[in-house]
K.L.:
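For reference, the structure I am asking about is given below.
Just so we're on the same page: letters track the sequence lines, and every chain starts at 1.
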Amino acid sequence: MKAPTLDPITFAVVRSGLISAVAEMKAVVVRTAYSNLWKEAGDLSCGLLTHDGDLAVQGIGDIPNHMATMPLSLAGCLERIPASTLREGDVLFQNDPYKGNNHLPDFIMAKPVFFDGEIVAYTAVRGHFVDIGGGGPGSYSTAMPDIYAEGLRIPPVRIYEEGVINQDIIDVLTHNTRNSRERLGDLRSQYAGCLTAERRVLAFCEKYGVETVKTAMVEMIDASERLTRAAIREIPNGVYTFEDFCDNDGITDEPIRIAAKVTVEDEDVTVDLTGSSRQVRGGMNSPIAVVVSAAGFALKCLTDPENSPNSGSYRPIKVIAPPGSVVNPLPPSSVVAGNHETAARIVDAIFGALAEALPDRVCAAGAGSSGALSIGARVADKDGNERELIMVEMHGGGQGGNKFGDGINGRRVNVGNTGNTPSEALEASFPVTIVEYGLNDDGGGAGRTRGGTGLHRILRLDHDAIVTVTSERGKFSPYGLFGGKPAPMARFHVVLPDGEVRKLGSKTPPVSFPAGTLLHFQPAGGGGYGAPEDRPLSAIQDDLDDEYISPEAARTLYNVIVEEAPDRVEGRYLVKERNI
Amino acid sequence: MKRIAIDAGGTFTDGVLWDDETGIVRSVKVSSDNGDPSQAVLAAVEKLEDIDSVKYLMHGTTVATNAAIEGSGPRVGLICTKGFRDVLEIARLMRLPEQLYQIRTPPAPSLVRRRDRIEIGGRIDHRGEETEPLDEDQIVAAAETFRKRGINAVAIAFLHSYANDSHERRAKAILEREMPGASISASSAVLPEFREYERTSTTVLNSYLMPVIGGYLNRLRDKMKDTLPEARLWAMQSSGGVASVEKATATPVSLLLSGPSGGIVAGRHLIDQVGLSNAITMDMGGTSYDVCLLHDRTIPMAHERQVQEMPVKVPSVDILTIGAGGGSIGWIDAAGQFQVGPKSAKAYPGPACYGRGGEEPTVTDANLVLGVLGKDQKLGGEVSLDVDAAYKACERLGAKLGMSAIEAAWGIRRLINTTMAGATRAVSVGKGYDPRDFALISFGGAGPMHAADIAQELEIPDVLIPSVPGCYSAVGLAVSDVTHDYVQTFISILSPDLESRLGQAFAELTGNATAELDAEQIASDRRDIFPALEVRYLGEQFSITVPVPSLDSGWVDRAMASFHQAHERLYGFKAEEEPIELVNMRLSAVGRLYRGDRPRRPANPTAGTAARVEPAARRPVYFGPSETDKVDVPVFGRAQIAPGGSFSGPSIIEQEDTTIVIPPRMSARSDEYGNLWIGAAR
């Protein structure tokens, strides 16, 4: 049955109201959250879903891989707690990756919105809990052999029952997570966000009628679908393939293959990941919800990047992922880094496949990793009480070059968009000193347009601490396109207080280091686009003067003659001409 | 005593001659001179007449804003802590929310090129302790590099300088010695708050603007010596207070968002005048809609805004600006959805009715087609309005939607009203205020055409239109005070034990304020000091500013109670068992320049009711999309409406630079100050 169509004006009125309701929701969550990861770095997302559980509005700028999974997470809730049993004031809550969730740290909270006894919508907030128990502070190790070791898994529950918080579940949560006071602060902010959007939706139902509001949500989704389908029509029909690799799973050192076959047929796209590796023992498996999200993100970037997406944007995209593979693991496989590391590779593979069809739209591969660093330190306060301080920071940055310009330096790319925490805030909150935080030397792949430079952080541990590294691109570089060079690989190492240098892998399980250890954390940057020989000399000169590239790189990668010129005002090196 | 206020905007420069006893004496409007804005300022001053005894010239300028937006300022250098030269480029690492899926779109380039960001050895930790001495030789070398590159504006931003400014002060002294005459600012002086990216960005912008604003204000001051020999020049800041030329030149970043501040100050003056405590101000112009909520006569403050993707952390009036104005375009997106704005026809070519090549229908075109706007009204200077062009533009849009031209025009008007009502809701309902407790003050060229509709949408009982809605920002300048804002980061769990230490710290800030007000020759009986605390639940990042009305014993307890209350109002919950963390101490010092005014004319409730005033004209106006919604309404000139007069809608009131709509079932009356009140018909 087709929903009755609203007049264009009423529809526009309600649509803009619902979009601003979600914006307000997000503002409230950010302002009341406790963890640095939420309030400074913004690792959370907000959505408004229809009574059927489709995503109608997502917060502007929300984390892409949080969003496309939202309907699946809600469906997971409703499978266990049917909508017909919900009562006013109930709030759903869960983090089970096998019930449509991303990974254990991400919790979805969803509140059914009742009007006259009927559910008209759901307001939902997903946020990344800084710790969810399990094998190390920050719950971020890929070296866990199964989901039980990864941390606390809460199946779909009512965290509030008719407006009253379920203290039993809160107690389970606080008994199984580190620094639980912070978790509860974040949880309160999720609830405040759900309430905010609910109030606004109810006001619209009051004013315009329930049916109008429900229909408007459906029409918003249909409109996004039309936009996406129109854009897919512009892609030449065909079958496009590409494969890329992840370093390893944190338990063995075997590379993980991601194979993408993208079939474009008129206004439909099928992403077939058959041929990707079998599921792995460590936490690099991508639950199907994450895979669908990653494919949705990749196609959104290449089709209709300007308009805010919702369920309609993803309808034309079909994903095939064989059960038991790394892109559709079976329980109880561990999954923590599948959410953004494996997911990023899926996106890279889809971009790589479509590069031939869409050379104007793709970028060469970006950093391809969130570059997650977790540090836990048990610090005594002035009364001698010990407390676990947990820092989780993301570092991935640097976009690949594209046909029209250089890749962006030091900016998040791909499915994640969590920001950084100011160095001043990190030093004030955790026993670390940030020695350096900046762009890498020669950190982007050479090309006619240069890959964006990646970034690094050097920190000194001022207290004994447990360090977990969850990153990528330590063995396989972000690729270049059309003759562009790949970006330099990620590098991680520590310098122990006695001067010993120890290399770390891109997946370093929780390991203890003494105070005084220097930690060098350097994810990759982006690949180049087009042959470096075609880069204009003036751009190479600028890159030299701004020290994005070294004179050696100019000589060897760009094949130009560089002379030392001590009297130059803008820099010490002069680009003379290209070697022939 | 008389004063002059000149508000120089992009299109017009407005002037007001103000008498402290009787209020507005005269207002003028001249075209702005974008080559040298001071020319238009002087032209407006001269046009005001009888200005011999003027002691104050209050000036609002967009020179700083334009320089930042157009990137027309000088090349800037930065010296920063070793290992941190990319802070400005990495920013907060995330891509812009609206560019989440636009993988090829680069962010705005950093204001300082990488080669001009020079790292200096030396470290202060977060407790303010020196852990590595400052490398002074590197600063001397940096100065040499800057000199060679012709750089004459430099920012200094070292880590943790909010906790200890000694390295920055030393660096500044060295740079001043090595680079005589250069514009140099240190982050600890501009913004002593933690978060290195935001502090660096604000400081860099400050250095960037120093030569621009310093040059402009000094030039203006020289030029006005002949016409206004006794007048002292003051510049409007983003906070809604004015500052001396010296102060404005040292911290020009505080002028960056001053454009809409004047209107808000005027709004507060207006509610004082008519005896209200709460109002929402709306200013609708050609491209933007500015809305601001004043609760209990208080001008709300924001401490972080964005300019060209750069954070600017200076106190500014908390105004919500959205892209909705007379030039907003009605269009259909690729999915067939009807949209209005934020695309704008801008000043050129402007709406279709300007006849300068605009093809798409704008809000102004819709108002013209609906009869809300008269075809003889002058807009955008001397443009005469082409009704046919407006009608055809609406007709073209309507055809795509299966609507008539009138229906399309009505749709545009309704959608823009919804957008503006949404913004108005965000500053009221969105922050826990009930709009029914507020009056809506409307000004700006386009505001009074839409104000009554927005009020109805939000059930706001009264709309107030001041007597000179087109020059209202200038009125705000005339009645503004000198203000200085101070901040000191002080991170600690807030408890009554801290009362004496905090009292001591406030005394120090007060000392700074006193020195500054002394320098500006503000009499001691005209000074007010407003201390406040920025606090949050321990763990939250965003703090709430809680005023401290008195420092009498027990004040910390009282501040804690008002924090819980404010948290509940803003976010819907409070957590009284949670510890409260103090982040910043703030102090705002006010020198009251203005002494208040009296009614301009005596009230005369019997004069000028509609029954006795003959309308200047009549015209059909659509108050809905169909022919049955068309009403023949009387059109009055604003000058015809005498104080105390009242009449009922539907009717239209026209004045030189705006049109006021009184919809059906509403009525209007004029008060003794010449303000027009619109509300439900009684």
K.L.:
Which bit of Asp567(A) comes within less than 4.5 Å of chain B, counting heavy atoms only: side chain, backbone, both or neither?
P.N.:
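Interface part for Asp567(A): neither.
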K.L.:
Between the side chains of Tyr437(A) and Glu196(B), is a donor N or O closer than 3.5 angstrom to an acceptor N or O?
P.N.:
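No - no donor-acceptor pair under 3.5 Å links their side chains.
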K.L.:
Taking side chain as C-beta onward, heavy atoms only, is Thr10(A) less than 4.5 Å from Arg414(B)?
P.N.:
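Yes, their side chains come closer than 4.5 Å.
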K.L.:
Rounded to the nearest 0.5 Å, how far does CD of Gln337(B) lie from CE of Met220(A)?
P.N.:
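Reported value, rounded in 0.5 Å steps: 7.5 Å.
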K.L.:
Side chain from CB out, backbone as N, CA, C, O: work out which of these in Asp542(A) comes under 4.5 Å of a heavy atom of chain B, or both, or neither.
P.N.:
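Both the backbone and the side chain of Asp542(A) come within 4.5 Å of chain B.
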K.L.:
Let me see the working for Arg117(B) and Glu547(A) under salt bridge (charged side-chain N to carboxylate O under 4.0 Å, His left out), right down to the final yes or no.
P.N.:
CA-CA 11 Å; Arg117(B) 305 176 215 140; Glu547(A) 298 175 274; over 6 Å; no
K.L.:
Under a 4.5 Å heavy-atom cut-off, does chain A meet the side chain of Glu457(B), its backbone, both or neither?
P.N.:
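Interface part for Glu457(B): both.
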K.L.:
Between Arg361(A) and chain B, which part of the residue has a heavy atom less than 4.5 Å away: side chain, backbone, both or neither?
P.N.:
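For Arg361(A), the contact with chain B is made by backbone and side chain together.
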K.L.:
Which one wins on heavy-atom pair count under 4.5 Å against chain B: Leu302(A), Ile9(A), Asp546(A)?
P.N.:
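Of the candidates given, the most pairs with chain B belong to Asp546(A).
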K.L.:
With a 4.5 angstrom heavy-atom cut-off, which part of Lys403(A) approaches chain B: side chain, backbone, both or neither?
P.N.:
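Answer is neither: Lys403(A) stays 4.5 Å or more from chain B.
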K.L.:
Are any of the side-chain heavy atoms of Ile103(B) and Pro305(A) separated by less than 4.5 Å?
P.N.:
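SC-SC contact between Ile103(B) and Pro305(A) ruled out.
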K.L.:
Give, for atom CG of Asp125(B) and atom OG1 of Thr433(A), the distance between the pair rounded to the nearest 0.5 Å.
P.N.:
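The OG1 atom of Thr433(A) is 7.5 Å from CG of Asp125(B), to the nearest 0.5 Å.
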K.L.:
Taking only Lys NZ, Arg NE, NH1 and NH2, and the carboxylate oxygens of Asp or Glu, determine whether Asp545(A) and Arg113(B) approach each other closer than 4.0 Å.
P.N.:
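So Asp545(A) does not pair with Arg113(B) through a salt bridge.
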K.L.:
If you round to the nearest 0.5 Å, how far is OH of Tyr537(B) from OH of Tyr34(A)?
P.N.:
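So the gap between those two atoms works out to 7.0 Å.
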K.L.:
If you take all heavy atoms of Pro107(B) and Ile408(A), which pair is closest and at what distance?
P.N.:
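Minimum heavy-atom contact is CD-CG2, 3.6 Å.
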K.L.:
When heavy-atom pairs shorter than 4.5 Å are enumerated against chain B, which of Arg200(A), Arg229(A), Met394(A), Lys207(A) gives the highest number?
P.N.:
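Of Arg200(A), Arg229(A), Met394(A), Lys207(A), Lys207(A) has the most heavy-atom pairs under 4.5 Å with chain B.
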K.L.:
Below 4.5 Å from any heavy atom of chain B, which atoms of Ala230(A) appear? Answer side chain, backbone, both or neither.
P.N.:
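Neither part.
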K.L.:
Do Arg425(B) and Glu24(A) sit within salt-bridge range, that is, some charged N less than 4.0 Å from a carboxylate O?
P.N.:
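Result for this pair is no, no salt bridge flagged.
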K.L.:
Which bit of Gln399(A) comes within less than 4.5 Å of chain B, counting heavy atoms only: side chain, backbone, both or neither?
P.N.:
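Gln399(A) touches chain B through side-chain heavy atoms alone.
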K.L.:
Go through Gly405(A), Pro309(A), Gly17(A) and name the one with the most non-hydrogen pairs under 4.5 angstrom from chain B.
P.N.:
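Most pairs with chain B among the choices: Pro309(A).
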K.L.:
Go through the atoms of Ala91(B) and report whether side chain, backbone, both or neither lie under 4.5 Å from a heavy atom of chain A.
P.N.:
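Looking at Ala91(B), backbone and side chain both touch chain A.
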K.L.:
Using a 4.5 angstrom heavy-atom cutoff, name the option from Gly193(A), Gly401(A), Gly410(A), Ser224(A) with the most pairs to chain B.
P.N.:
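Winner by heavy-atom pair count: Gly410(A).
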K.L.:
To check you understand the geometry: which heavy-atom pair defines the closest contact between Ser16(A) and Thr418(B), and what is its length?
P.N.:
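Taking Ser16(A) first and Thr418(B) second, the nearest heavy atoms are OG-CG2, 4.1 Å.
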K.L.:
Does a salt bridge link Glu570(A) with Lys148(B), judged by any charged N lying under 4.0 Å from a carboxylate O?
P.N.:
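No, no charged N to carboxylate O under 4.0 Å.
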K.L.:
With a 6.0 Å cut-off (strictly less than), is the heavy-atom count around CG of Asp441(A), excluding the residue itself, greater than 12?
P.N.:
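No, CG of Asp441(A) has 12 or fewer neighbouring heavy atoms, counting only those of other groups under 6.0 Å.
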K.L.:
Does any non-hydrogen side-chain atom of Thr453(A) lie less than 4.5 Å from one of Asp86(B)?
P.N.:
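No. Closest side-chain heavy atoms not under 4.5 Å.
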K.L.:
At a heavy-atom separation under 4.5 Å, does Thr196(A) approach chain B through its side chain, its backbone, both, or neither?
P.N.:
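The answer is neither part of Thr196(A).
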K.L.:
Looking only at non-hydrogen atoms, find the nearest pair between Met403(B) and Pro8(A) and report the distance.
P.N.:
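In this case the closest contact between Met403(B) and Pro8(A) is CE-CG, 3.6 Å.
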K.L.:
How long is the straight-line distance from CG of Asp7(A) back to CD of Glu407(B), given to the nearest 0.5 Å?
P.N.:
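Taking CD in Glu407(B) and CG in Asp7(A), the distance rounds to 10.0 Å.
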K.L.:
Below 4.5 Å from any heavy atom of chain B, which atoms of Val413(A) appear? Answer side chain, backbone, both or neither.
P.N.:
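Backbone only.
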K.L.:
Thr105(B) versus chain A, heavy atoms under 4.5 Å apart: side chain, backbone, both or neither?
P.N.:
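It is the backbone, since no side chain atom gets that close.
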K.L.:
Of the backbone (N, CA, C, O) and the side chain (C-beta and beyond), which part of Val13(A) lies under 4.5 Å from a heavy atom of chain B, both, or neither?
P.N.:
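Val13(A) touches chain B through backbone and side-chain heavy atoms alike.
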K.L.:
By a 4.5 Å heavy-atom criterion (distance strictly below it), what part of Arg127(B) contacts chain A: side chain, backbone, both, or neither?
P.N.:
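For Arg127(B), no heavy atom lies under 4.5 Å from chain A.
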K.L.:
Looking at Glu436(A) and Arg85(B), is any side-chain nitrogen of the basic one under 4.0 Å from a carboxylate oxygen of the acidic one?
P.N.:
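Answer for the salt bridge query: no.
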K.L.:
Using 4.0 Å as the upper bound for N to carboxylate O, is an ion pair formed by Arg188(A) and Glu578(B)?
P.N.:
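So Glu578(B) pairs with Arg188(A) through a salt bridge.
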K.L.:
Tell me, for Ile332(B) versus chain A, whether the close heavy atoms (under 4.5 Å) come from the side chain, the backbone, both or neither.
P.N.:
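The answer is neither part of Ile332(B).
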K.L.:
Between Val362(A) and chain B, which part of the residue has a heavy atom less than 4.5 Å away: side chain, backbone, both or neither?
P.N.:
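The backbone, not the side chain.
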K.L.:
Does any heavy atom of chain A fall under 4.5 Å from the side chain of Arg536(B), the backbone, both, or neither of them?
P.N.:
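Neither part; nothing is under 4.5 Å.
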K.L.:
If you count heavy-atom pairs within less than 4.5 Å of chain B, which of Leu195(A), Val435(A), Val28(A) leads?
P.N.:
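When all of Leu195(A), Val435(A), Val28(A) are compared, Val435(A) has the most.
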K.L.:
Tell me, for Ile434(A) versus chain B, whether the close heavy atoms (under 4.5 Å) come from the side chain, the backbone, both or neither.
P.N.:
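Contact with chain B: backbone and side chain both.
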K.L.:
Hydrogens and angles aside, do Gln339(B) and Arg15(A) bring a side-chain donor and acceptor to less than 3.5 Å of each other?
P.N.:
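Result is yes, a qualifying pair exists.
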K.L.:
Rounded to the nearest 0.5 Å, what's the gap from OH on Tyr101(B) to CG on Asn417(A)? Could you check?
P.N.:
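It is 9.5 Å, given to the nearest 0.5 Å.
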K.L.:
What I'd like to find out is whether the side chain of Arg199(A) reaches to under 4.5 Å of the side chain of Val429(B), using heavy atoms alone.
P.N.:
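With C-beta onward as the side chain, the pair stays apart.
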K.L.:
What heavy-atom pair brings Val569(A) and Arg149(B) nearest, and what distance separates the two atoms?
P.N.:
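In this case the closest contact between Val569(A) and Arg149(B) is O-NE, 2.8 Å.
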K.L.:
Is the closest basic N to carboxylate O distance between Arg195(B) and Glu424(A) below 4.0 Å?
P.N.:
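Not counted as a salt bridge, because no side-chain N and carboxylate O are separated by less than 4.0 Å.
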K.L.:
Quick one: pull up OH in Tyr548(A) and CZ in Arg114(B) and give me the separation to the nearest 0.5 Å.
P.N.:
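Rounded to the nearest 0.5 Å, the OH-CZ separation comes out at 6.0 Å.
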K.L.:
More than 12 heavy atoms of other residues, nucleotides or ligands under 6.0 Å from NZ of Lys400(B): is that the case?
P.N.:
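Counting other residues, nucleotides and ligands, NZ of Lys400(B) stays at 12 neighbours or fewer.
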K.L.:
Please look at Arg412(A) and chain B and tell me whether the side chain, the backbone, both or neither of the residue comes under 4.5 angstrom of a heavy atom of that chain.
P.N.:
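Contact with chain B is through both the backbone and side chain of Arg412(A).
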K.L.:
Give me the atom names and distance for the closest heavy-atom approach of Cys363(A) to Arg104(B).
P.N.:
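Heavy atoms only, the tightest pair is SG-CG, 3.8 Å.
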K.L.:
Measure distances from Phe84(B) to the heavy atoms of chain A and classify the residue's part below 4.5 Å as side chain, backbone, both or neither.
P.N.:
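Backbone plus side chain of Phe84(B), per the 4.5 Å heavy-atom cut-off to chain A.
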K.L.:
Identify the heavy atoms of Asp62(A) and Leu100(B) that sit nearest to each other, and give their distance.
P.N.:
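Heavy atoms only, the tightest pair is O-CD2, 2.8 Å.
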K.L.:
Taking the side chain as everything from C-beta on, heavy atoms only, tell me whether Cys301(A) gets closer than 4.5 Å to Gln102(B).
P.N.:
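Cys301(A) vs Gln102(B): side chains apart.
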K.L.:
What I want to find out is whether Arg411(A) reaches Glu309(B) closely enough, with some N-O distance under 4.0 Å, to be called a salt bridge.
P.N.:
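No, Arg411(A) and Glu309(B) are not salt-bridged.
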K.L.:
Tell me which of these, Asn402(A), Leu439(A), Asp304(A), has more heavy-atom pairs under 4.5 Å with chain B than the rest.
P.N.:
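The residue among Asn402(A), Leu439(A), Asp304(A) with the greatest pair count is Leu439(A).
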